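Here you go, one structure.
Counting starts at 1 for both ligands and their atoms, in listed order. Numbers for residues simply follow the sequence, beginning at 1. Model, not experiment: these values are computed from the prediction.
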Amino acid sequence: MKLVDGKVALVTGAGSGIGKAIAVLYAKEGAKVVVNDISAENGKLVVEQIKANGGEAFFIKADTSDEKEVELLIRQTVEKYGRLDIACNNAGIGGEQNLTADYSSESWNKVININLNGVFFGCKYELEQMEKNGGGVIVNMASIHGTVAAPMSSAYTAAKHAVVGLTKNIGAEYGQKNIRCNSVGPGYIETPLLEALSPEMLKDLKAKHPMNRLGTAEEVAELVLFLSSDKSSFITGGYYLIDGGYTAV
Ligand code: NAD
């Protein structure tokens, strides 16, 4: 049996990388998927890929750091598919690399606006809709840097720690409303987000994972699917690492 058959699922930042893999897997497992991204070109390609595989998907452009756009995204999702059962707040950026004292306020605000405020805006309007539906599931994309430092990326570390905390609060507040909310903490994953890194840096990064490799977006998508499905029916407010052992040492 398909794990999310007939459900309506939204994935933000689904035009690339981890979000794309989640959207493709949700569709393969029977969901009707709203693919969101700021890039219409990439988002539409993902919709085409899902449809070519026999799935159902629809693209909605929105910048998740803009509250009004997120409110509209949820409204348009419901206009298209009638309800919202599953949401994965995945959109995020790496941001500036610098020591904290040298980190520009502009970059700080940009990373916090997308990686934290965007997740909050998503949760806020998703929860409102899920309460109307009588239930739902949210998965927020954190990172290993929701629990350990990413030196030179203080805004990223701060935002991801905050996503873990926000997720715990939602788990606590909505436990009796048939809405579950969890976050995931991937180690370094082979996606375009890491394209800027030199081969030397990639080698060093791999070595920080006891499995001595990067993860794949598809591996992360499998965990997100589990947390989005009824297989995880007693799991809420949690933070689940998928990091090849990075945080074990
Ligand atoms: P990616 O760059 O491949 O994909 C991110 C997507 O989000 C892009 O399509 C981009 O256009 C979109 N996006 C960016 N800002 C947006 C906004 N404001 N509104 C809507 N869409 C927006 O990156 P990825 O590696 O797939 O990262 C996805 C998530 O996973 C991020 O939250 C990231 O922090 C997290 N993550 C990534 C890694 C990794 O190593 N790649 C590890 C842990 C966590």
Should Thr12 be listed as contacting ligand 1, given a heavy-atom distance under 4.0 Å as the test?
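The answer is no, since Thr12 has no heavy atom less than 4.0 Å from ligand 1.
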Indicate yes or no for a side-chain donor-acceptor contact from Ser228 to the backbone of Ile86 under 3.5 Å, with no hydrogens or angles considered.
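Looks like no, no N/O pair under 3.5 Å.
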Indicate yes or no: at least one non-hydrogen side-chain atom of Tyr125 is less than 4.5 angstrom from one of Glu67.
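Heavy-atom side-chain distance check passes, below 4.5 Å.
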What residue and atom, counting heavy atoms only, is the protein's closest point to atom 37 (C) of ligand 1, and at what distance?
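Closest protein heavy atom to atom 37 (C) of ligand 1: Ile18 CD1, 3.6 Å.
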Decide whether the shortest distance between a heavy atom of Gly43 and an atom of ligand 1 is less than 4.0 Å.
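No heavy atom of Gly43 comes that close to ligand 1.
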Who's the nearest protein heavy-atom neighbour of atom 7 (O) of ligand 1, and how far?
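Of the protein heavy atoms, Gly13 CA, 3.4 Å lies nearest.
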Looking at Ile189, which atoms of ligand 1 are within less than 4.0 Å of one of its heavy atoms?
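In order of number, 39 (C), 40 (O), 41 (N).
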Nearest neighbour of atom 10 (C) of ligand 1 from the list Asp37, Asn115, Asp63, Thr64, on a heavy-atom basis:
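Ranked by closest heavy atom to atom 10 (C) of ligand 1, first place is Asp37.
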Which atoms of ligand 1 are found less than 4.0 Å from any heavy atom of Pro192?
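Heavy-atom distances to Pro192 below 4.0 Å select 3 (O).
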Please name the pair of heavy atoms, one in Tyr188 and one in Leu205, separated by the smallest distance, quoted to 0.1 Å.
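Where Tyr188 meets Leu205 most closely, the heavy atoms are CD2-CD1, 3.5 Å.
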Protein heavy-atom partner closest to atom 25 (O) of ligand 1 - residue, atom, separation in Å
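Looking only at protein heavy atoms, the one closest to atom 25 (O) of ligand 1 is Thr191 OG1, 2.5 Å.
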With heavy-atom distances below 4.0 Å as the criterion, list the atoms of ligand 1 near Gly17.
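The atoms of ligand 1 under 4.0 Å from a heavy atom of Gly17 are 3 (O), 26 (O).
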Where do Glu69 and Arg75 land on the salt bridge (charged side-chain N to carboxylate O under 4.0 Å, His left out) test, with the steps shown first?
CA-CA 10 Å; Glu69 291 193 23; Arg75 205 182 319 139; over 6 Å; no
Do the side chains of Asp85 and Val4 get nearer than 4.5 Å, heavy atoms only?
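Answer no - side chains too far apart.
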Would Lys208 and Tyr246 count as a cation-pi pair here, with the cationic atom under 6.0 angstrom from the ring centre and within 45° of the axis?
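No - Lys208 does not lie over the ring of Tyr246 by the 6.0 Å and 45° rule.
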I want to confirm something. Looking only at heavy atoms, which of Gly92, Ala159, Ala142 is nearest to atom 44 (C) of ligand 1?
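The option holding the nearest heavy atom is Ala142.
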Interfacing atoms of ligand 1 (cut-off 4.0 Å, heavy-atom, Asn36):
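In order of numbering, the contacting atoms are 20 (C).
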Atom 28 (C) of ligand 1 - nearest protein heavy atom and its distance
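Ranked first by proximity to atom 28 (C) of ligand 1 is Asn90 OD1, 3.3 Å.
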ring-ring contact (aromatic ring centres under 6.0 Å, His included) contacts touching residues 154-177 (sequence neighbours left out):
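Of all non-adjacent pairs touching residues 154-177, none passes ring-ring contact (aromatic ring centres under 6.0 Å, His included).
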If we only count N/O pairs under 3.5 Å, is Pro186 in contact with ligand 1?
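The answer is no, given that Pro186 and ligand 1 share no N or O pair closer than 3.5 Å.
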Side chain, backbone, both or neither: Lys160 near ligand 1, heavy atoms under 4.0 Å:
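Within the 4.0 Å criterion, Lys160 contacts ligand 1 through side-chain atoms alone.
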Please step through side-chain contact (heavy atoms from CB on, under 4.5 Å) for the pair Lys168 and Val164, ending with a clear verdict.
CA-CA 6 Å; Lys168 287 181 185 173; Val164 173; 4.0 Å; yes
Is the shortest distance from a heavy atom of Gly187 to ligand 1 less than 4.0 Å?
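Right, Gly187 reaches ligand 1.
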Taking non-hydrogen atoms only, is Ile38 closer than 4.0 angstrom to ligand 1 via side chain, backbone, both or neither?
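The part of Ile38 near ligand 1 is both the backbone and the side chain.
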I'd like to check whether Ser16 has a polar contact with ligand 1, where a contact means an N/O of the residue lying under 3.5 Å from an N/O of the ligand.
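Indeed, backbone or side chain, Ser16 has an N or O that close.
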Would you say that Glu96 contacts Ser104 through its side chain, given a criterion of any heavy-atom pair below 4.5 Å between the two side chains?
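Glu96 reaches Ser104 side chain to side chain.
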Donor-acceptor contact below 3.5 Å, side chain Thr167 vs main chain Gly237:
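Side chain of Thr167 to backbone of Gly237: no pair is present.
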To which of Ile144, Asp243, Leu193 does the heavy atom nearest atom 27 (O) of ligand 1 belong?
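The nearest heavy atom belongs to Leu193.
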Under 4.0 Å to a heavy atom of Ala62 - the qualifying atoms of ligand 1, by number:
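In order of number, 19 (N), 20 (C).
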Mind running side-chain contact (heavy atoms from CB on, under 4.5 Å) on His145 and Ser153 for me, showing each step along the way?
CA-CA 10 Å; His145 301 306; Ser153 294; over 6 Å; no
Output all residues satisfying side-chain hydrogen bond (donor to acceptor under 3.5 Å, both in side chains) with Thr147, sequence neighbours left out; order by chain, then residue number.
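Thr147: no side-chain hydrogen bond (donor to acceptor under 3.5 Å, both in side chains) contacts found.
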Protein heavy atom at shortest distance from atom 33 (C) of ligand 1:
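Scanning the protein heavy atoms, the shortest distance from atom 33 (C) of ligand 1 goes to Tyr156 OH, 3.6 Å.
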With heavy atoms of Met141 as the reference, note each atom of ligand 1 found under 4.0 Å away.
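Near Met141, meaning under 4.0 Å from one of its heavy atoms, ligand 1 has 29 (C), 30 (O), 32 (O), 35 (C).
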Would a 4.5 Å heavy-atom cut-off, applied to side chains only, mark Cys88 and Leu10 as touching?
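Answer no - side chains too far apart.
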